[in-house]
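See structure below.
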Amino acid sequence: MKIKQPKTLFEKIWEKHVVYQKESYPAVLYIDAHLIHEVTTPQAFDGLRKRKLPVFRLKRTWGTMDHNVPTKDQDKPIEEEMSRKQVATFAKNCEEFGVNFYGLGHPYQGIVHIIGPELGITKPGMTIVCGDSHTSTHGAFGAIAFGIGTSEVEQVLASQCILQYKPKTMNIRIDGKLGHGVSSKDIVLYIISKLSTAGGTGYFVEYSGTAIEALSMEARMTICNMSIEMGARGGMIAPDETTFAYMKGRKYAPKGKEWDKAVAHWKMLKTDEGATYDKELFIDATEIEPMITYGTNPGMGMKITDKIPQASMFAEGTQRANFESSMTYMGLTDHQGKQLLGHPVDYVFLGSCTNARIEDFRKIASIVRGKKKPDSVYVFVVPGSAQVAAQMEKEGIAHIFMQAGFDLRSAGCSACLGMNEDKIPSGKYCLSTSNRNFQGRQGLGARTFLASPITAAVAAITGRVSDVREFL
Amino acid sequence: MKKKSLTKIISTAVPLAMENVDTDQILPARYLKATTREGFGEKLFRDWRFDPEGNPKPHFVLNQPHYTGEILLAGHNFGVGSSREHAAWALSDYGFNAVVSSFFADIFKNNALNNTLLPVQVTPNFLQYLFEAVLQDHKTVIAIDVEEQAIGIPSEGKYEHFDINPYKKVCVINGYDDVDYILSLRKEIEQFEKKRKDDFSLAF
Ligand code: SF4
């Protein structure tokens, strides 16, 4: 009998997708699903035209519009000329090349990383790419999923393959029971605050442990989504009964006998006992508390009851200067050494591929129900997809938000990246459920605090940074 | 399709002493609306370079006329964040042929290489040495030799080796393009598709 070398989940999937490997060259990796959107593809389609090539595997390519679409009056022509042109170019490209396309007005339209799982396109054991760094989201189903640039989009369109060097593997194991009021967003913000935005670079992360196993699919997606914020190529979680229950019956999920066969196969997709990772990190779930960021990268996060660090704690030179400039940008220079609790917020953004799934809005609604926001705060609610929006309507969540005085919009990326007109004005504070607090990310001069949906919900009804545990 | 090739860069450098420079700074999202690859250089570091009215901010290094050249020196963890290749297009369109840092974010590195913008990763000490030299004398010339995989200051004779993957090295020196390489393997790709069992990715 041959003794099999124990393998990690990542290795198992990787090996099954290597088409060709020349020594010291990158692997030619087969891609099972390619998701495309309007912003990172026009130049790739131009490339195909120049080379006189078709899309190699149309069945494996799906398009939607999200980054640059308005979230109001989606049925009317887009006012801003360049946006209108980009969106029209994308529709034209999808039509010309014959790509499955869920454009504006389609009931499946939405943020790429929300619609993939929602439609059952995302499946365990797959390789998935998209010209967007948060493609790591799909790893929650036990897939190798990562973001790529436009030249690589062109490669995949042309050949259904991509050139990749095999990354190193890291296991982040989180055991124990999460505390009251602690969400999966807090887990990932906590990890990034420990690892920094570069700590995962070069690695593909697997999240494991009892705390991860206890999470819903939506919660797992939130964690995998932010893998890129620690610099990792991607993040993944082994599929289990929770995964299968989520997938069953979705549009592109296997049906009948095929389903049973698929599940039997997917059950083998886990890291073998005795397999080794290049790096391991162990976290005790009970250590984690509700988190918030105070600075201008996602690694600048702390427990909501902690105090913001002080410049004197950083080494003199570039590091201290960077911290100081971050505090200046955030308008928090005088807040060093102090808590953020009680700090006023002007805007709350409930949305993005990190936290705009139906489960997120259900949790937010459970806190907001029957309450009203103060006049001092403006609350954006941007569902991740048209399906999420429809579901919110059906469950009465939309009504709860309307009663609370929130601005309920249509699906898109919106103020997560401030590409359309949904922006946070300069100097204003926004508590956001999105994933990036970089300077200007949510609008020129906008000041972002990142936190979980329920922490954002209490900020929306109090107008201040608050400890969600006091409201549960 | 033949692309730009690069074997040697001998140039002065622009020192950007910032760490964790993210792609939202390199090219803010509102400039991602273009459907071509050209013209992004004008928008490079837009919000650090100009105030909202469009006036140059004199303290920002790209606005200091004595600092010029094809090489950008930058702090640790350059290019973090969004996968936008537009960031690499902007740097290259502005006139940079290389970015030198002690650490690069993954996707940015790939994007840069795909556009013959050389990401040169050096040790933190060597980066500091380069920064100090350039800050002391903006006329300091830095040389980068792709073939030899060496970077240094010729006038001081001090060099350091840098890594570049063997495949990309060939591409950069010869202007080869990934799509041509992959398409030369079309037969292998089709065979792979035929041979493959347990593929549930297309079940619908
Ligand atoms: S919601 Fe934000 S992070 Fe997610 S894909 Fe859209 S812009 Fe990117």
Side-chain angles (χ1 to χ4, degrees), chain A residues 19-20 24-26 28 30 32-33 39-40 42-43 50-51 59-60 68 82-83 85-86 89 123 125-126 131-133 147-152 154-155 158-161 163 165 197-198 201-202 231 233 251-254 258 262 265 297 318-319 322 417-419 426 436 438-441 444, chain B residues 1 17-20 22-25 28-30 32-37 46-48 52 75-77 80-86 88-89 103-108 110-111 114-115 165-168 177-183 185-186 188-189 191-193 196 198-204:
Chain A
V19 172
Y20 181 81
S24 83
Y25 267 41
V28 177
Y30 194 79
D32 294 323
V39 176
T40 55
Q43 298 84 352
K50 263 193 217 142
R51 297 172 199 270
K59 272 187 162 179
R60 296 189 179 276
N68 194 13
M82 286 194 73
S83 300
K85 186 168 167 230
Q86 189 174 56
T89 303
K123 296 179 195 62
M126 283 176 109
D132 183 279
S133 60
I148 58 178
T150 300
S151 297
E152 293 170 313
E154 188 178 333
Q155 278 175 42
S159 69
Q160 205 55 43
C161 289
L163 296 178
Y165 279 94
T197 55
T201 306
R233 201 80 243 252
K251 181 171 167 67
Y252 291 105
E258 276 295 302
H265 173 68
N297 73 55
T318 314
Q319 274 184 12
N322 281 188
L417 89 163
M419 210 178 148
S426 187
R436 285 184 177 144
F438 297 144
Q439 291 185 23
R441 170 81 180 181
L444 192 63
Chain B
M1 278 191 320
M18 296 283 291
E19 292 186 347
N20 303 313
D22 61 77
T23 51
D24 276 272
Q25 309 316 316
R30 57 186 190 281
L32 301 180
K33 295 177 183 178
T35 52
T36 61
R37 287 176 195 243
R46 178 63 177 66
D47 300 335
W48 282 351
H76 198 71
N77 200 22
V80 69
S82 149
S83 64
R84 61 188 71 157
E85 193 163 317
H86 312 65
W89 298 338
F103 199 80
F104 288 95
D106 239 7
I107 307 182
F108 175 80
N110 283 345
N111 286 341
N114 283 338
N115 290 281
N165 73 56
Y167 166 74
K168 274 295 166 198
D177 158 86
D178 286 346
V179 178
D180 292 339
Y181 171 62
I182 301 188
L183 285 179
L185 298 166
R186 196 184 163 115
E188 283 80 358
I189 299 171
Q191 264 166 10
F192 172 90
E193 287 178 319
R196 196 160 160 219
D198 60 36
D199 173 17
F200 296 94
S201 56
L202 281 182
F204 54 84

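To find a chain, count down the sequence lines: A is the first, B the second, and so on, and within it residues start at 1. Being a predicted model, the structure only gives us computed values, none of them experimental.
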TODO: Taking all heavy atoms of A:Gln86 and all of B:Ala34, pick out the closest pair and write down the distance.
DONE: NE2-O, 3.7 Å
- [ ] Hey, could you give me the OG/CD1 distance between A:Ser133 and B:Ile107, rounded to the nearest 0.5 Å?
- [x] 5.5 Å
Task: Contact class of A:Met419 relative to chain B, heavy atoms under 4.5 angstrom - done: both
Task: Pairwise distance CG(B:Asp22) to OG1(A:Thr197) - rounded to 0.5 angstrom - done: 9.0 Å
TODO: Heavy atoms only: give me the nearest B:Leu183-A:Ala158 pair and the separation to one decimal.
DONE: CD2-O, 3.6 Å
Task: Structural part of A:Val28 lying under 4.5 Å from a heavy atom of chain B - done: side chain
- [ ] Compare all side-chain heavy atoms of A:Val19 with those of B:Gln191 and state whether any distance is below 4.5 angstrom.
- [x] no
Open item on the list: Heavy-atom cut-off 4.5 Å, strictly under: side chain, backbone, both or neither for B:Asn165 against chain A?
Closed with: both
Open item on the list: Quick check for you: to the nearest 0.5 Å, what is the distance between A:Thr318 atom OG1 and B:Asn20 atom CG?
Closed with: 11.0 Å
Open item on the list: Less than 4.5 Å to any heavy atom of chain A: does that hold for the side chain of B:Pro166, its backbone, both, or neither?
Closed with: both
Task: Under 4.5 Å from a heavy atom of chain B, the part of A:Arg436 involved - done: side chain
Open item on the list: If I measure from the heavy atoms of chain A, does B:Arg46 come under 4.5 Å with its side chain, its backbone, both, or neither?
Closed with: neither
Open item on the list: Pair A:Ser83, B:Lys33 - check side chain to side chain donor-acceptor pair (under 3.5 Å), show working.
Closed with: CA-CA 6 Å; A:Ser83 300; B:Lys33 295 177 183 178; 3.3 Å; yes
Task: Value rounded to 0.5 Å, distance of NE2 in B:His86 from CD in A:Gln43 - done: 4.5 Å
Task: Which atoms of A:Phe438 approach chain B - backbone, side chain, both or neither, heavy atom under 4.5 Å - done: both
Open item on the list: To the closest 0.5 Å, what do you measure between CG (A:Leu163) and OH (B:Tyr181)?
Closed with: 6.5 Å
Task: B:Glu188 versus chain A, the contacting section by heavy-atom distance below 4.5 Å - done: both
- [ ] Counting only heavy atoms closer than 4.5 Å, note whether A:Ala33 contacts chain B via side chain, backbone, both or neither.
- [x] neither
Task: Electrostatic pair A:Lys59:B:Asp199 at N-O distance under 4.0 angstrom - done: no
Open item on the list: Show the nearest heavy-atom pair for residues A:Asn322 and B:Glu19, with the distance to one decimal.
Closed with: OD1-N, 2.7 Å
Task: Nearest non-hydrogen partners of A:Glu152 and B:Asn114, listed with the distance - done: CG-ND2, 3.7 Å
Task: Segment of B:Asp106 engaging chain A (4.5 angstrom heavy-atom cut-off) - done: both
Open item on the list: Using a strict threshold of under 4.0 Å (side-chain N to carboxylate O), is an ion pair present between A:Glu154 and B:Arg37?
Closed with: yes
Open item on the list: A:Lys50 vs B:Asp177, test: salt bridge (Lys or Arg N to Asp or Glu O under 4.0 Å). Steps then yes/no.
Closed with: CA-CA 14 Å; A:Lys50 263 193 217 142; B:Asp177 158 86; over 6 Å; no
- [ ] Please name all residues satisfying ring pair (Phe, Tyr, Trp, His ring centres under 6.0 Å) with B:Phe103, sequence neighbours left out, ordered by chain then number.
- [x] B:His76
- [ ] Could you tell me which portion of A:Thr89 (side chain, backbone, both or neither) has an atom closer than 4.5 angstrom to a non-hydrogen atom of chain B?
- [x] side chain
Open item on the list: Quick one, A:Gln439 and B:Asp47 - any side-chain contact, counting heavy atoms below 4.5 Å?
Closed with: no
TODO: Name the option with the most non-hydrogen atom pairs under 4.5 Å to chain B; the candidates are A:Lys85, A:Met126, A:Gln160, A:His265.
DONE: A:His265
Task: Greatest number of heavy atom pairs closer than 4.5 Å to chain A - which of B:Gly81, B:Ala88, B:Pro52 - done: B:Gly81
- [ ] Give, for atom CD1 of A:Ile148 and atom CD of B:Glu85, the distance between the pair rounded to the nearest 0.5 Å.
- [x] 9.5 Å
Task: Proximal component of B:Leu185, with respect to chain A [non-hydrogen, under 4.5 Å] - done: side chain
Task: Pairwise side-chain contact, A:Ser151 with B:Asp178, heavy-atom cut-off 4.5 Å (strictly under) - done: no
Task: For A:Tyr30, all residues meeting ring pair (Phe, Tyr, Trp, His ring centres under 6.0 Å), sequence neighbours excluded - done: B:Phe192
